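Read the structure below first, then the notes.
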Amino acid sequence: MDPKLLKLGGWGALVYAVSTAFFYAYLWRHWPMVEKQEAEAVLKTVGRNTASWQSFWWLGILLSFSLIPTFPALCQVLLRTEPAYAYIALLFGLIAIILGTIGPLRHATITPTLAELYTNTSDKGVKQTIVLIYKAQEAYGQGLFCLFGST
């Protein structure tokens, strides 16, 4: 086993764990309406703070890539002991990277667009439709997390 690869994988996992903890602590502290699922409050707040919202989620996408060095180290160890597990770990790792990018990307792109539409309309029917779309995309995101979040 290459100790440099294992060390790099360990650092990647550590960076990911620490950054993810800070990421969710920031979300919980500065965007509490997201956790409470208050769609109207989220859309109004994102409409006023679009740049910080997008920066936050783009940073989340970049931080998710800090876990990538862990996969070669894990696969290298597993290939020597349990080759079947190595292939499964690689498959789940690829799925996790894809879904780990889709979730924050959805927040960085769709939510600001919905917030802009919500802010710029006075029609209550349109606002209700935007809220329903926001809630639907949140439900989709929670479903993906429940299914694949632990990968």
Side-chain angles (χ1 to χ4, degrees), residues 5 7-75 77-78 84-151:
L5 187 59
K7 188 175 182 180
L8 181 63
W11 279 109
L14 182 64
V15 167
Y16 179 76
V18 171
S19 63
T20 300
F22 279 110
F23 185 80
Y24 283 106
Y26 177 85
L27 181 65
W28 173 74
R29 175 117 169 107
H30 293 283
W31 301 91
M33 72 289 296
V34 174
E35 179 66 30
K36 295 175 187 171
Q37 298 182 355
E38 299 171 354
E40 293 87 356
V42 171
L43 294 170
K44 288 176 186 174
T45 307
V46 171
R48 289 189 306 267
N49 303 300
T50 302
S52 64
W53 176 265
Q54 287 180 315
S55 299
F56 175 72
W57 289 105
W58 282 111
L59 179 63
I61 292 169
L62 293 175
L63 290 176
S64 70
F65 293 139
S66 65
L67 193 55
I68 291 174
T70 306
F71 294 118
L74 177 65
C75 286
V77 170
L78 288 174
Y85 289 150
Y87 298 120
I88 293 170
L90 183 62
L91 175 68
F92 277 99
L94 293 173
I95 291 170
I97 289 170
I98 292 167
L99 296 178
T101 303
I102 289 174
L105 186 60
R106 179 178 51 81
H107 281 295
T109 57
I110 295 173
T111 303
T113 303
L114 292 173
E116 182 181 346
L117 292 170
Y118 186 86
T119 303
N120 293 333
T121 188
S122 59
D123 186 340
K124 289 188 181 206
V126 172
K127 284 190 177 211
Q128 287 176 341
T129 303
I130 293 168
V131 167
L132 286 174
I133 293 170
Y134 173 80
K135 287 181 178 182
Q137 62 115 8
E138 280 298 301
Y140 166 78
Q142 289 173 357
L144 280 181
F145 183 77
C146 288
L147 289 174
F148 299 106
S150 62
T151 56

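Since the structure is predicted, the reported quantities are computational estimates derived from the model, not experimental observations.
To the nearest 0.5 Å, atoms OG1 (Thr113) and CD1 (Ile133) are separated by 11.0 Å.
For the pair Ala115 and Gly47, the tightest heavy-atom approach, listed with the atom from each and the gap, is CB-N, 3.6 Å.
Every residue meeting the side-chain contact (heavy atoms from CB on, under 4.5 Å) condition with Gln54, not counting sequence neighbours, appears here in chain and number order: Thr50, Trp58, Pro112. Evaluation of the side-chain contact (heavy atoms from CB on, under 4.5 Å) rule for Tyr26 yields His30, Trp31, Phe56 as partners, not counting sequence neighbours. Annotation: side-chain contact (heavy atoms from CB on, under 4.5 Å) contacts of Leu132 (sequence neighbours excluded): none. Contacts of Asp123 classified as side-chain contact (heavy atoms from CB on, under 4.5 Å), with partners at least two apart in sequence or in another chain: Thr121, Val126.
Legend: ring pair (Phe, Tyr, Trp, His ring centres under 6.0 Å) pairs involving residues 103-133, not counting sequence neighbours, sorted by first then second residue: Trp53-His107, Trp57-His107. Each salt bridge (Lys or Arg N to Asp or Glu O under 4.0 Å) pair with one or both residues in residues 37-56, not counting sequence neighbours, would appear here, but there are none. Note on residues 131-142: pairs passing salt bridge (Lys or Arg N to Asp or Glu O under 4.0 Å), not counting sequence neighbours, are Arg106-Glu138.
Using a 4.5 Å heavy-atom cutoff, the side chains of Lys127 and Leu43 are not in contact.
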